[in-house]
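In what follows, a single structure is set out as structure tokens and then discussed.
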Amino acid sequence: MDDLKNGPKMTRRAFLAAAAAVGAAAFLYSNAPGVAAAIEKSGKRLLWLRGSGCGGCTASILSGGNPEVLTALNKIKLELAYHDGLMGQQGVFVDGSPAGDSGHNSNIRLDELVHEGGYVLVVEGAIPNGPEGSGRYCMSGATPFKQIFINAAPGASCIIALGTCASYGGISRSLKVADATGVSFSGTSRMEGAMARYGLNNNVINVPGCPPNPDWLLLTLADVLSGADVEVDAYGRPKAFFGSAVHESCPRRGAFDRALRDDGFSEGNCLYNLGCKGTLAFADCPTRRWNDGASMCTQSGGPCVACVEPSFPDAFMPFFSKVESRGILGDVDVDTGAKIIIGAAVIGAGIHAVKRLAIGESGREDEKGGKR
Ligand code: FSX
């Protein structure tokens, strides 16, 4: 990211305050002159590669953002030079041989851009290594995605791993059938991520979520281009968006604090008993919300499945089982798991909620007429 640091900068404090408080639209429009001035000299291109995922990351960015993605990219003066899905595979014969020139052939276009270097690289989807190290579980034309990623990474001034698959392996890594990893992590392990696996050495920022919120990407891009150092947590996520538990600001938090917990869907109270993992998931969904601020999972009645976490989905399944009633959290036993949950709740919920969590099934809440 060194060459991005030469232009005028917004202070980190200013960025974090603005980004944490508002959506991309408010941020980009209210800060547009400052952002534009800060990134005036960057003139960056954006390359967007897609590996193993469901395509929901692109769909989320395309459909749920305000401003819509192309306007936003324009505002921050970032040229979308290549996108695996939007461009499709053009000009490639079925035998894999290329035809045409870079104006008509996406493979040649990508080769040229990679050769020029200096781009911001967004990677969507995990990077499968299987079967048997070939990477052929995920192909783009005749080339394994793993090879496309290895070719493109060195020329990137910054890599953004978009979505939980690209960040940690996600659903594509689940049960380890494809030997897939995220860009810099595999689950919680940096040692097993693609960067370490293939001997690469780029700056990587993780923007997880299955799918990710458009604001998280657009504001991270604005931050990167402004030259600020993006402050990240232990799992490479910008603290501005992933710094507090969903539980902390959940719209149903009042019901949790009063021990009003639903045992069936659509009852309108806390979703903890229905398997909500909001105490373990760190993201600002409750304050930022989705689809231009319309709603978010727990608000609309869906238990949080912790889709932004490195161990998603394996550690959080079954999704609709209460946290402490199953051997979730990988190999952590239920007792230890309960302490971790309580620890997470200390961060997010305050001591009263922790007491209630610890009280669990005690009769004390019944005396108050509360529902567990
Ligand atoms: Fe993964 Fe993206 Fe989840 Fe899907 O492509 S983060 S499966 S929403 O969309 O990679």
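Atoms within each ligand, like the ligands themselves, are counted from 1 in listed order. For this chain, numbers begin at 1 and follow the sequence in order.
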Set of side-chain contact (heavy atoms from CB on, under 4.5 Å) partners for Cys138, sequence neighbours left out: Ser52, Pro128, Phe145

Set of ring-ring contact (aromatic ring centres under 6.0 Å, His included) partners for Phe185, sequence neighbours left out: Tyr168

Cut-off under 2.8 Å, centre atom 2 (Fe) of ligand 1, protein N/O/S atoms: Cys57 SG

Can you classify the ring geometry of Phe265 versus Phe320 as parallel (below 30°), tilted (30 to 60°) or perpendicular (above 60°)? perpendicular

Determine, for Asp179 against Lys146, whether the closest basic-nitrogen to carboxylate-oxygen distance falls under 4.0 angstrom. no

Check residues 293-303 and write down every donor-acceptor pair under 3.5 Å in which the side-chain atom is one partner and the other belongs to a residue at least two apart or another chain.
residue : atom : partner : partner atom : Å
Gln299  : OE1  : Arg289  : NH1          : 2.8
Ser300  : OG   : Met296  : O            : 3.2
Ser300  : OG   : Cys297  : O            : 3.0

Against heavy atoms of Gly209, which atoms of ligand 1 measure under 4.0 Å? 6 (S)

cation_pi(Arg45, Tyr119) dist<6.0 Å, angle<=45: no

